Amino acid sequence: MGLLTVLKKLKQKEKELRLLILGLDNAGKTTILKKFNDEDITTISPTLGFNIQTLTYAGYKLNIWDIGGQKALRSYWRNYYEENDAVIWVIDSSDIRRIEDCKLELKKLLEEEKLAGASFLIFANKQDLDGSLTTDEISKNLDLESLSTHHWTIKGCSAVTGKGLEEGIEWVVNDIISRCFILDD
Amino acid sequence: MKNYLKKLKNDQKEVDLSNTENVTLIVGEFAKSIKEIESDLEKCRLITDKDIIQNQFKTINDKLHGVNSLLAESSSFLPLYEVKNTQESINKLTKSINTLKDQLLPKQKFTFKRNATTTTTTNTNTDIKPKQIDDTKKLQPNEQLESIFNIQEIRRIKSKNLNYPTDLKEESSVENLNNDLVMSSLDDCKITIKKPLNALKLDGLNDCVIKSLSPINGSIFIDNCSNCTFILASRQIRIHETKNSIFYIYTKSNPIVEGCQGIRFSYYPSEIVHDLQEFNDTTFTLQDKESNRYQQVHDFDWLQSTQSPNWSILPEDQRKFE
């Protein structure tokens, strides 16, 4: 591939962002994606493989990959690490029992070389449940404050009501834009 | 940036999941393409002209790229088993292509190292890594030993028959009632849930009967249970590491099992909600057997299309619950 082809390809791709949604099973990843798209969220089956959805936001095309979080599927996550602009890590905020599992899986992701340049949005989902931990409590449990290798933020949200989703996506897109497209003319 | 949701254009890829014909068609397509590449590869062995070989490899690589793209596009609706199978065949093929290429076209001095196969070969590494799940209980180490029966949680109770929330000691007004509930480490208990919930988590239950008289308008997550009977209705049911249990369920999506054995499914006895009309969420059509997906179970340990040995449908004459 010549340099010109490379440049051409870059030009074509520059307005396209690739996002990866990951998290433990039952976190609500697919529900978040469907809610974004204003689709029915009452009949979603646990994800057996993955879903791809394309949205446009502020002139950017977002290619969103939602990968199943089942234990059996987690070893496949790495097949999707290439060329991501951001990772959306989804947490079931009411799942106190597995919060250590969640921390370990997130830690593995953060150590992935292929994801080194990606922004991390942590969605503390299911804030509509009374038994949910707050974003502060989750930050503490996941030890997020010490995270300095990536651009990151944590946002509370509820995929069921839609609350907080907009803010999250807005942060992700703005963060990627400010990181990657400063030299845009 | 307000109301941006409205601006979001839905050009998502809609795939018809119900169409099994598509699956057969595409799986056949994969087999055909892979075979074609294999025979192309065989032809290469007979050629002596390096330029022709070079060209042949270019064609092979284009075809391989085509197969990979097709897999990427179709993997959202192909059964995981097929995706896995095809991915494995492609990996094998990629490997033999590279081996033959090395043989027939010895590497020039200045080449970039290709590692096309790394993506899947590294898969196994995750399993080898030692897991430190022992830390799981770090959050509340002392509380684990206490018996708890409150609005949020039912834990560490033996041989009791409880109604939630009516048997709660504390005076609980409707406002401070939780919309989610966690039950853990219960032995020989019968728990009847008499209020609507949005989420239910069950962990470490033995010889228990868990019955909900109202649909759970969200997900149910079950882990580490044995010899239990569950009578539940919900949007989603996930069952993990559970043995010898019967599920009388109504569910709007396909139930999943992972690490399970001896699980039997039957339909939810909708008549038990009759006297509780106010709890009967109208979005749940419990009597409607058509919308109940209790038979369409996905087993993460059995990704073939044949029946999993880990679960079965309970015969009608064996239905038994009080």
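Residue numbering restarts at 1 for every chain, and letters A, B, ... go by the order of the sequence lines. Note that the coordinates shown come from a computational prediction; the quantities given were computed from them, not determined experimentally.
Looking only at distances, no side-chain donor or acceptor of A/Asn26 sits under 3.5 Å from a matching main-chain atom of B/Ser219.
Taking 4.5 Å as the limit, every side-chain heavy atom of B/Ser253 sits out of range of all side-chain heavy atoms of A/Ile44.
Nearest heavy atom pair, residue B/Gln236 against residue A/Ser45, reads NE2-C, 4.0 Å. Nearest approach of A/Asp25 to B/Phe221, heavy atoms of both residues: OD2-CE1, 3.6 Å. Closest approach of B/Asp180 to A/Leu129, counting heavy atoms only: OD2-CB, 3.7 Å. A/Gln70 and B/Ile256 get closest at one heavy-atom pair: NE2-CD1, 3.2 Å.
Atom-to-atom distance recorded for B/Asn254:CG and A/Leu48:CG is 8.0 Å, nearest 0.5 angstrom. One distance of note links OG1 of A/Thr31 with CZ of B/Arg235; it measures 8.0 Å at 0.5 Å rounding. For the atom pair A/Thr43 OG1 and B/Lys252 NZ, the distance stands at 7.5 Å (nearest 0.5 Å). In this structure, CZ in A/Arg97 is found 6.5 Å from CG in B/Asn224, a value given to the nearest 0.5 Å. To the nearest 0.5 Å, atoms CD (B/Glu153) and CD1 (A/Ile96) are separated by 7.5 Å.
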Chi angles and distances behind the side-chain contact (heavy atoms from CB on, under 4.5 Å) call for B/His240, A/Lys71: CA-CA 10 Å; B/His240 299 262; A/Lys71 251 191 212 150; over 6 Å; no
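Residue A/Ile64 does not touch chain B at all, counting heavy-atom pairs closer than 4.5 Å. Of the two parts of A/Asn63, neither the backbone nor the side chain holds a non-hydrogen atom closer than 4.5 Å to a non-hydrogen atom of chain B.
Partners of A/Asp175 according to the side-chain hydrogen bond (donor to acceptor under 3.5 Å, both in side chains) rule, which considers only residues two or more places apart in sequence or in another chain, are A/Ser119, A/His151. Residues passing the side-chain hydrogen bond (donor to acceptor under 3.5 Å, both in side chains) test with B/Asp301: none are found, sequence neighbours excluded.
Between the side chains of B/Lys201 and A/Ser94, at least one donor-acceptor pair of N or O atoms lies under 3.5 Å.
Contact tally against chain B (heavy-atom pairs below 4.5 Å) for A/Asp95, A/Thr47, A/Asn51: the top residue is A/Asp95. Counting heavy-atom pairs closer than 4.5 Å to chain B, the top-ranked of the candidates A/Gly28, A/Ala72, A/Gly49, A/Gly68 is A/Ala72.
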